[in-house]
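The structure under discussion appears below in the form of structure tokens.
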Protein chains: 2
Amino acid sequence: MADTLTGRRRSVLQETRCQTCSLSSLCLPLALEVEDMDQFDAIIRRRAPLKKGEALFRQGSPFTSVFAVRSGSLKQVTTEGSGEDQLTNFYLPSELVGLDGIDEEHYPGTVVALETTTVCEIPFDRLDHLSESLPELRGQLYRSMSKELRDDRRMMRLLSRKTADQRLASFFTSLSERFRRRGYSPYSFRLSMSRADIGNYLGLAVETVSRILGRFQSQGLVAVSGREVNILDLPALTRLAEEEGAH
Amino acid sequence: MADTLTGRRRSVLQETRCQTCSLSSLCLPLALEVEDMDQFDAIIRRRAPLKKGEALFRQGSPFTSVFAVRSGSLKQVTTEGSGEDQLTNFYLPSELVGLDGIDEEHYPGTVVALETTTVCEIPFDRLDHLSESLPELRGQLYRSMSKELRDDRRMMRLLSRKTADQRLASFFTSLSERFRRRGYSPYSFRLSMSRADIGNYLGLAVETVSRILGRFQSQGLVAVSGREVNILDLPALTRLAEEEGAH
DNA sequence: TTTCCTTCTTGATCGTGGTCATGGCGCCAT
DNA sequence: ATGGCGCCATGACCACGATCAAGAAGGAAA
């Protein structure tokens, strides 16, 4: 009995070890040597999987940790004053959640699981302290934040210069690319988010999302059935996504 | 003669010292002790002032440094493929330029002076190395990036949910607040950017910017004459800026 | 199953803001 | 002064996508 428990505990720990994690080539410790990775492993905390709809943290709660997505997906939503919610990000496995909370010491948005999702919790004070002695880790942290800045700029361009069609096309090509990098099919995947989420994220009404999905389908660009997506003509989608403005 | 030169050189160095800089309470070394600030001082590099229209760096050139604005102002512009330019940011004194270049080791946009502008150059490798031994500096760097992430999210909300009026109102209240924090009048200032820049930044056509400025003027919210701005009713502007959607 | 409720689709109408076109104004160079 | 040229303002028109409205399809719980 005791043995079983120990065994089980060990296997749980095993699961959370970066060295055995399939995402290690994409995730924060990517640049670390084996011995350094052990140190990093020692500070991360396991969390019980989140069920669909559960919040990882809520807007305004004190910032303590950043999180790396292990499996599943999440969305970040911010509510401001009188206004409606704004969905500012989707997070996929290996991505870091919560970096925008460092500044004001609380999280600027609520992050919610879109499906059953597991994350690694990384207490920020310990991460910061460890980054003192591990330059590679520090560099990777800087790079992660810098990449997020860059992605944000891309999003601003999308929101201020692209038509609805181009936005949807960008959304699909970007998802496709992110799946590809993670070793999944870039052509066939399941959307974990609703049409409303997509619309909110892209600055479009739900109805517009639906209509354009229909149009894409009739143009032979994608085959969509509910949340199941098959990309039929990735080059055409990419072209569409990279055009700009209306003309 | 040699004495004069030495004196001059010393005074130039003096100018660039963080301890005597009026921005030190807002800028990167804000959290440093006096002795640590000397170390930081030692790595920053003086640059000749940029004239209006001159580029600090160009899109695609190798990332080497971040820059702190000392005086003047700049804009960041990215060009993508076939598309038009997108103005992603304006920079005022004490703000850090170039953080989004860390990731891919080149600058993702061209940064251009909007008027005569001086900056402090901070070579990133030396900054990173120094951040190893100065936790306060490291923390401030994390916070700067985190703040920029947060500002980007605010901008996304503006671009995807606000009407043209609300965007202009946000633009003015935000500028007003930034001037106030820097010790300038929050009610009366000069725009260093053109209407076209404002429109590009806010995702609006120049004509729309002009029209709404006219409307604001006739509503008694602001008095605008060319690039000279007087804010007459800041509370009303703030209310307008914080409303959301059309309704 | 049946029910209930959420999510998605499709249609009709309308409004904000983009586009095009023109004219005025400020600013600099000569 | 006198062009010349960006920059800015204003008017007329139009299109993209939001909004309103209704119904279909999917999913969870009894």
Side-chain angles (χ1 to χ4, degrees), chain A residues 51-53 75 83-87 112 114-116 158-171 190-218 222-229 240 243-247, chain B residues 51-53 75 83-87 112 114-115 158-171 190-219 222-229 240 243-247:
Chain A
K51 297 203 185 315
K52 177 176 173 174
K75 64 177 174 182
E84 270 181 36
D85 289 353
Q86 165 75 12
L87 204 166
V112 175
L114 292 169
E115 58 197 308
T116 303
L158 178 146
L159 290 172
S160 78
R161 313 210 84 79
K162 291 191 179 177
T163 66
D165 297 277
Q166 292 159 359
R167 293 183 197 193
L168 256 300
S170 298
F171 181 68
R190 175 164 228 289
L191 300 172
S192 58
M193 66 293 283
S194 69
R195 304 285 193 269
D197 286 338
I198 299 175
N200 189 324
Y201 179 60
L202 296 177
L204 299 172
V206 201
E207 295 93 323
T208 307
V209 175
S210 253
R211 265 186 263 273
I212 292 174
L213 252 48
R215 200 182 313 151
F216 279 2
Q217 179 126 327
S218 70
V222 295
V224 183
S225 165
R227 296 190 172 184
E228 218 59 52
V229 175
L240 185 52
E243 287 175 17
E244 295 246 318
H247 282 253
Chain B
K51 297 203 186 313
K52 178 176 172 173
K75 64 177 175 183
E84 270 182 35
D85 289 353
Q86 166 75 11
L87 203 166
V112 175
L114 293 168
E115 58 196 307
L158 178 145
L159 290 172
S160 79
R161 313 209 85 77
K162 291 191 180 179
T163 65
D165 298 277
Q166 291 160 1
R167 293 183 198 193
L168 256 301
S170 298
F171 181 68
R190 175 163 228 288
L191 301 172
S192 58
M193 66 293 283
S194 70
R195 303 285 193 269
D197 286 337
I198 298 175
N200 189 324
Y201 179 60
L202 296 177
L204 299 172
V206 200
E207 295 93 324
T208 307
V209 175
S210 258
R211 266 186 264 273
I212 291 174
L213 253 46
R215 200 183 311 150
F216 279 4
Q217 180 127 328
S218 69
Q219 291 170 330
V222 295
V224 183
S225 165
R227 296 191 173 185
E228 219 59 52
V229 175
L240 184 52
E243 286 175 18
E244 294 244 319
H247 282 250

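We name chains A, B, ... by the order of the sequence lines, and we start the count at 1 in each one. These numbers were taken from a predicted model, which means no experiment stands behind them.
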Considering non-hydrogen atoms only, spot the tightest contact between A:Leu87 and A:Tyr201 and give its length. O-CD1, 3.5 Å
For B:Lys52 and B:Glu115: C-alpha separation, side-chain torsions, deciding distance, then whether salt bridge (charged side-chain N to carboxylate O under 4.0 Å, His left out) applies. CA-CA 4 Å; B:Lys52 178 176 172 173; B:Glu115 58 196 307; over 6 Å; no
Could you state the atom-to-atom distance from CD of B:Glu243 to P of C:dT16 in whole Å? 14 Å
Distance in angstrom units between A:Leu191 CG and D:dG26 C1', rounded: 16 Å
Can you measure B:Ile198 atom CD1 to D:dC8 atom C1' for me and round it to whole angstrom units? 11 Å
Can you give me the closest heavy-atom contact between A:Ser160 and B:Gly203, atom names plus distance? CB-CA, 3.7 Å
Quick check: does any side chain N or O of B:Arg167 sit under 3.5 Å from a backbone N or O of B:Leu159, one acting as donor and the other as acceptor? yes
Give the B/S/- string for nucleotides 4-11 of chain C, one per nucleotide from 5' to 3', where a protein heavy atom under 4.0 Å of the base yields B, of only the sugar-phosphate yields S, and otherwise -. ---SSBBB
With a 4.0 Å cut-off on heavy atoms, is A:Gly199 in touch with a base, just the backbone sugar-phosphate, or nothing at all? nothing
Check B:Arg195 against B:Gly226 and note the closest heavy-atom contact, atom names and distance. NH2-O, 2.7 Å
Let me check the geometry of the helix from C:dT1-D:dA30 to C:dG23-D:dC8. What is the bend angle between the axes at its two ends, five pairs each, to 10°? 40°
In whole Å, I'd like the distance from the NZ atom of A:Lys51 to the C1' atom of D:dA28. 16 Å
Can you check side chain to side chain contact (heavy atoms under 4.5 Å, CB included) on A:Phe171 and A:Val209, steps first, answer last? CA-CA 11 Å; A:Phe171 181 68; A:Val209 175; over 6 Å; no
Nucleotide C:dG17, atom P - distance to NZ of B:Lys162 in whole Å: 13 Å
What is the nucleic acid contact for A:Ala205, judged by heavy atoms within less than 4.0 Å: base, sugar-phosphate only, or nothing? base
Euclidean distance, atom CZ of residue A:Arg161 to atom C1' of C:dG17 [Å, nearest integer]: 14 Å
Just the rounded figure in Å: distance from C1' of D:dC8 to CD of B:Glu228. 16 Å
Between the CD1 atom in A:Ile212 and the CG atom in A:Leu202, the distance rounded to the nearest 0.5 Å is 9.5 Å
With distance as the sole test, does B:Gln166 use its side chain to make a donor-acceptor pair with the main-chain N or O of B:Thr163 at under 3.5 Å? yes
Provide, to the nearest angstrom, the distance between the CZ atom belonging to B:Arg215 and the P atom belonging to D:dG11. 12 Å
Determine, stepwise, if the pair B:Arg190 / B:Val229 fulfils side chain to side chain contact (heavy atoms under 4.5 Å, CB included). CA-CA 6 Å; B:Arg190 175 163 228 288; B:Val229 175; over 6 Å; no
